[in-house]
Structures are given as C-alpha cells and as structure tokens.
Amino acid sequence: MTDILSIAPRSSIAPGKPLLEVRNLVTEFPLRTGVFRAVNDLSFSIEPGKTLCVVGESGSGKSVTARSILQIIDSPGQIASGSILLHRPDGTSLDLAKLDPRSRAIRSVRGRDIAMIFQEPMSSLSPVHTVGDQITEVLRLHLNMSKAQARTEAISLLRQVEIPNPEQALDRYAFQYSGGMRQRAMIAMALACKPQLLIADEPTTALDVTTQAEILDLIKRLQQSTGMAVLFITHDMGVVAQIADDVLVMHHGVAKEYGPVEQIFHAPQDPYTRMLIGSVLKLEQKAEIRLARPPLDTAAEPILDIRNLSMHFGDMKALNDVSIALLPGETLGIVGESGSGKTTMGRSIMRLYDPTGGEMIYRRADGKVVDLAKLEGAELKAARRELRMVFQDPFGSLNPRMTVAQVIGEPLLVNGIARGRELDERVCHLMDQVGLDPAGRERYPHAFSGGQRQRIGIARAITLNPRIIVADEATSALDVSVRFQVLDLLMRLQDELGLAYIFISHDIGVIRYMCDRVGVMYRGKLVEMGEADKVCNAPDHPYTQALISAIPRPDPRDRDRSRRFRYTEPSPYTEAGNVKNGSTAR
Amino acid sequence: MVDVSTTNIRPDRAAVASQWQLIWWAFKRHKLAMAAMVVTICMYIVALIPGFFAINDPIQQNARTTFYPPQRVHLMDTTNGFEIGLHYYPMKLTRDPETLAAIYKEDTSQKKVPIQLFGRGYTYSVLGLFESNIHLLATTDPSKPLYLFGADRLGRDVYSRTVQGAQISLSIGLVGVFMSLLLGIVLGGISGYYGGRIDFVMQRVIDFVLSLPTIPIWLALAAALPQGWPATVQYMMITIILSFTGWAQLARVVRGRFLSLRTEEFVAAARLDGVPEGRIIFRHMLPSFSSHIIASMTLAVPAMILAETSLSFLGLGLQPPTISWGVLLREAQNIRSIATAPWLFMPGLAVVVAVMALNLFGDGLRDAADPYNK
C-alpha cells in the first residue's frame, strides 16, 4: 500500500499548504520475537480548519498514529521512519518525527501548536488539584500569564466550552464534575494556548450518547470560531459521518482508504471499508433473520412476568418499581444510558442481587409458576439452569486459568449431567453450534479474539438447555464487524433452541436489529415500553425522543443537529426548597 | 460473508499454555531474578546436606587454633617444578614481642597439604537417614586442618559452622512462612469471601496483631521458653513465635484478592453455573492468586531469616550448641572480635547473600505472577 496518496482524490480540499503533513510514517514496537509495526507507511495531511477522522477497529493503529504525531508513544515504541511536517502560520516548518521525544522543541509543540484530549477524562485530570488550578497552570506555563490574568482567561475558557457558572466551577475538583463536564474541562485545557490542531483520541467513547452529541457539537462550534483543525480518532462510523471532512480508514496499521467523507460512505473503493460501512448499515435496520420469522404470538402467557421490581442500594434507587413481561420466544430489549439501572435489572433477574421488592413470576416448561425473587437454595439452582446469562466483558467473564473445554463444560460437570467422554462430545457439539472450531477446545481464553470469547460465553450459556438468556451489553465490547455476527448467532440459536432473550444495551442500533419489543429505562424507571420499530423510529416519551435524536447517523448527508435536544426530568420539587410541586407534567 | 472470527485462532504454543507456563516464560526474561533463583537453589542444596560441604567438624574445638585466620588455597605449585592441584600450607604462629599478639603467617617452608575432592573426613548424618564421611573438599592430613574462613574463639572452623548454620537458618524461614501462610490464607480467605461482620471482626484482629511491636513480643515469648528444652523443641517454638506475628500481613493480601475477585465476572458466571462454593473458592478464585501468594511467600522468607538471626543474635532465640547464623553472629558481638578476627562476620555475609537472593527471586516472581494483566 505505497500509493496511498494516489488513491485519495484531493478535490474537496482547497489548494494551499496543509497544516500537518504525515508522509510514510512507520511506528514500531520491538517485541521479544521481532518487531511489531503498529503504523505501517502511513501518509495523510490535515488542512487548517478541517476535521480528519481516523477510523478503525481495535488494534488498527489509530491511537498510535495520534501519539506518534506528538511523540508520546508508549515505551518501547518509536518512530522508525517517515516524516511529520508541521507548517506553522508564520511560514516555518518543523519535522516532528526528527525531534527527540524529550527535547525542548517537541515540548513547545505540545499544547501550543498541537493539543490532545483523551478517552478517559477522569484519569486525564488530576484528582488532587481543582480544575481551575490545572487550567491556569497551563496558561502560566505556556503563555507566562500572571495569576489573575490566568484566572480570568480560565473562566472565559470554561465559558467557551459551555460549563455553567464558570466562576464557581473553576474551584471544583474533577470528581465533582460529570463525565461530560470533565471532557469539556479537558477541551478547555487543550484550547488554552489556541492550538492549530486538536487531536482527539476517542474523546466521546466513555460518554453516554446524549453527552457525546453535545461534545461533538461543542468541538464543531469551537472549530468554526477558532479555525483550528481537528484530528479525530474513533471507532464509531456514526460519529465519523457526522463530523468528518476527510476520513482515513485504518486496518492493522495500514491505511485502507483515504478520502472525503462523502466518498467513504457513499462510494467506498476498498473492500475493507465496504465491509465496515456494510456492518454499520446492517445495524440500521431489522435483522434479516427476524424479517423471515412469523409474527410473535402476543397473546401467549408470558414466560417471565416482572412486577413492581425494586432494587435499592441504601438511598439509591437503582430499580424503582419496574414492571415488564417477557413472552416466550421473544427478544426483549432494555435500553438506557449509564446509571439507568439496566444492568441492575439483569443482575436482579439472575438473582446476583437480591431485589428489595417486587415479584418475578417465572412460568416453567411444565406450566408451574414460581417467584424468582423468593427462591432459595436448590430451587434457585434449578431455576438458574433455565435462566442463563451472557456477560458484557469477553475478557473478564472467562476464567483465564481454565481451558475453553473446561469453561464450557463446567455447568455440565458441576450439575452432574455429563462427564468424561460424553462431556467432551457435548463440548465439541456446543462449540460447533456457536461457530467455533472444536479442535481449539484445549486452548486457554487468552488465545481467542474478543468475538470468539463472546461465542465461548454464549456456548456456556446454552449448555444447560436454558429457556431464557439475559444478555447484558453482550456486544458492546466488540468491534462493529464482529458485532452483527454475534447478534446473528444469538438469533440463530433462538430459532434452534426456542430461547427468549432479555437484551440489555445502550446501543439503539443493536436493539433495532435484534429486538421485538423494547423497554426504555431512565434513572431506575421504565419510561417507555413498546414495539422496537415504534420506539426506535417514533418514540412517545420525551426522554426516548432525546435519546434517539442524539444518536449519530452513519450518513454524512444527514447532519441535522437542530433536532437534537437534551431531556431534563420534570422535577417534582421546586428549586428553592423541597416543596412538593403537584402540577408536574406526567 | 466469511466468519472472520473463527478462522484466526493463534497457532502458537502460547494458546495452550497454562498459567504456570506463562509465568515461567515471563520469569525467564528476568535475568537478575534467574541468577537469584540459581543462588537460592544452591543455598538450599547446601542447607539440605551441610555435612557434605563442610570441611571440619563444626563442633570440634581446638585450643591450638584459637582465632586462626582464613587460609589461602593455592592451585599452582611452582616451588618444585610445576604442579597443578588444590593445596594449602599450614600457618605458623609467632607473637609480637611487645604486645604478645598472635601473628599467623603462611609457612611455605613446610610441606604443602593437598586437598582432595570427594575425600574422607569426619562422619556426618544425612537428614538423619544414613551416615557418610565423604566431603566435597577434604584435607589429606587431618593433623593440619584447613580453615577457609578462619577459626573462632574456641578454634572451631567458621566455614563449616556457617555451612551447618544454613540448615536451620534457611529452613526456619520456610517452616515459619508456611505456618503463617496457613493461618493467613484460612483467616484472610474467610474474611474476604464472606465479608460483612465476619470481615469486620477479622480485620480488627489483624489490626491488633499488626499493631503489636514485634521485637518486644518475640523477646517476651522467647524469654518464656524454658532454657532446658531440647534444641529441636526450641527450634519449633521459635518458628511458631515468628509465624504468630507474620500471618497478619499475608491475611491482608489474601483478603484483598478475595474481595476484588468476588466482583469478577467469571466468578459471577461460575455462581450462575451452579458451581458449589468450595469449588468456586478452590477452582476459580485460589488459582488466580496462588502465584501472588507464592511471590509474597518468597518475599516473606528473608524477613523470617532476619527475624531468627536477630533473635538469636540477642541471645533469645536459639541457644548454643545449636548452630544457626544468628548464633554464630553472637561470636561477633564484641569489639575484640571486630579488631582481631573480622572473619567471624562471615555468617553475616551468608545472611546478606541469602536475603538478597530470596528478595530478588521474589521480586522476579511477583513481576511474572500475573501473566494475563499485561
């Protein structure tokens, strides 16, 4: 892939000197067994005022690229060859690749010419200094401001990033900020020296979708007012479609395609890009498997009927009076942002938590009815054989010290169902069922990729012929190209084994692809419940409307930000005192 | 579309490598720790059969060799043509005419005494199983003994005594740590696994034990041991005293690991699989920190060795004629020995080497202990 520049028609970009030119960049990490090329012969350029999105799946080298520019590559990695030319507005040029990572020259570039923000705003801010201290420190260090000057400037910066009451917010600590506020503070700090280029490394990945939309808007507005260029690193094609001028698609350290956003989304040349876009667009609609199914029998008795379920941790009402029913053979989606109580709900159903109130009526195969919330001992154990769980983290949910055969076979072994040869045969059969090669069953989980591990988790869940599977964010840790494969597998198994799923996710795309009905949760309450099509396309509740509006559409032609808004819960209390306001809208 | 996720199973041997293989591969990359491991193993081999490595009987007194200095061992002999072979010359005693201080000088005028490898010497017992008189180094003339590290106040061979002392000094660390490990895992495990009130009570007990000033406690307990007890019983009691204060640290570590593991998803998954509690603890939780336990054990052994040495040095641990490094160092307690016989500190050098080797070995183990969190 040496002729990258030739495949990139530069027509969309006005002539003139680019701000940053990267030519044939190679970044290497020496390993015990050789050299790993994290970035291999990469070339691109960024124009002033434009946004370049570097997109790729995990391990594609997109973060290393960003870090190479500022020479902050994790040891022992280093730039092996290539050049990174920074053209300053005063006409001078500087090759960042030739600078020593500890030199004074590169330090003056960092922060002043090029600033960077990271994924995790909590760990990027010091917990022992106030946010104001940290911003003024940057100002005093780089711009030699006096204390008073710096403080005034810091307040104006915080105002610029739209933090309410900047005078007070300045003297707070990072832990008193919410996730979105922290990222705003980070951006304020990055903007302190009015950089020419802002490198943003997955700045919204750790944030909720509504917060993400606000941060993206903020960056866009700042870009328009200051004229800085943005190098935006992300794995989310939706975000790319919303903000990019140009896109660089990376895979295994190599540029697969480089061009204007319109071309990438509507006329992709490279097969990998096409596959990536295809996977994203797939999640924009209902799964093919589901379209072929007969309509769900909504008159059937529910297999699981949750009534007024509550789970309080002290004063925190993680689940507040939730009622929802699961029909046989149905996929029920639970969607919500972080802290909405959706994970607590899954764990309460599995009785990993003991709910503090309510009932969970489970109808067994023989028609007998039990309340899961009250089961203990052997009965709970028996119920757990029919209700199984697939976990979010494909790394943490498999014991790294057991082989795959041991992991999958354990439920059979400890329940005394199979042992010896029979166990081995059943494990092989299960691995076949989830699309894994049974020859790999003596391997340890560390030898498998994220998607394969999630398949192992699914195999473990179906070992005991369950009737209900609770999947808690089962695909959110997976790359988008693997995501729909795992979803398809789940649906195939649903047809084969007659399963009912409770599918917990924050990703509306996954819900739309997978689910029959959806419940929307907000602060421990179920605010909306209905057919997946209805909830995803024409929701009733204002919160759901806000949520749907915030989701970045993977289409650069659909960039209307005006329809986005934030939902604020109608408060039962007035702000002045705890006086009950009886006339709230509900 | 081809299912990409099923086709790229890593073919290398790391795929089927168990936890211990991964730890070993990580440990091997740590050169200093490997060297320390070799030294540690060598020291424990010496401690297993000290008689074989000793030259003279460690309890044999000799009035004529009081404060005899270390002797040089020669390899080449050029006095009479050219001969190769380990040998030494006896020392000649003269006295300073003014101070009457003893001055030893190598006497090359006498006949050289060749050293025999795997020769015969005094009879020793191998772990109480059988007796032998074969030694790694043996003098061919028992009337002119070889003192590699010199002799002490009673003319006993410091080298042989240091080698003999390794047996008790190194094993007291192992036995003591093993006993505190037992206490630490059981009590820390209960505390961490069950949590709640049990955890609270257990933690206060640990706080209490940790707040005890160790040296006075050792002193008090050791002073309470009757002097008339046989050496083996004394030895047992000392290990028990040492482990009594040593378990609390370990219990803390074990509890912390249990607490963090309880929230791991694979433990929750095992619980949902219907795995009984005992199996969750022993099959799922314990293996994930057994490597940490081994590492912290290796780091605790030198502390035990130092504790025994200090106790015995102060005269409250093991008592002569039992030979341990601490007992030997008591000989070097006064100014006279520093001035006239600095070689009496040789057991101290052995302590330093042993503690350094074990610490470096333990550090390497700790770094390699968790091969999955890289």
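Residue numbers start from 1 in every chain, and the chains themselves are labelled A, B, ... in the order their sequence lines are given, proteins ahead of strands.
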About how many Å separate [atom2] of [Y] and [atom1] of [X], when rounded to the nearest 0.5 Å?
X	Y	atom1	atom2	value
B:L272	A:L387	CG	CG	9.5 Å
B:I280	A:N399	CD1	CG	11.0 Å
B:E265	A:Q392	CD	CD	6.5 Å
B:E264	A:F391	CD	CZ	11.5 Å
A:M350	B:R271	CE	CZ	12.5 Å

Take atom [atom1] of [X] as the centre, draw a 6.0 Å sphere, and report whether it contains more than 12 heavy atoms from other residues, nucleotides or ligands.
X	atom1	answer
A:E288	CD	no
A:E473	CD	yes
A:F313	CZ	yes
A:R419	CZ	no
B:R197	CZ	no

Below 4.5 Å from any heavy atom of chain B, which atoms of [X] appear? Answer side chain, backbone, both or neither.
X	value
A:L413	side chain
A:R351	neither
A:N415	side chain
A:L398	backbone

(message) Quick test of your reading of the model: are B:R279 and A:E410 salt-bridged, counting only N-O distances below 4.0 Å?
(response) yes
(message) What I want to find out is whether A:R388 reaches B:D273 closely enough, with some N-O distance under 4.0 Å, to be called a salt bridge.
(response) yes
(message) The criterion is ring pair (Phe, Tyr, Trp, His ring centres under 6.0 Å); which residues satisfy it with A:Y272, sequence neighbours excluded?
(response) A:H251
(request) Go through the steps to decide whether B:H284 and A:M402 satisfy the test side-chain contact (heavy atoms from CB on, under 4.5 Å), and finish with yes or no. (result) CA-CA 9 Å; B:H284 291 269; A:M402 288 166 86; 3.4 Å; yes
(request) Can you see which heavy atom on B:A269 is nearest to which on A:S397, and at what distance? (result) CB-O, 4.2 Å
(message) I'd like to verify something: which residue of A:A461, A:G396, A:G278, A:A382 has the highest number of heavy-atom pairs under 4.5 Å with chain B?
(response) A:G396
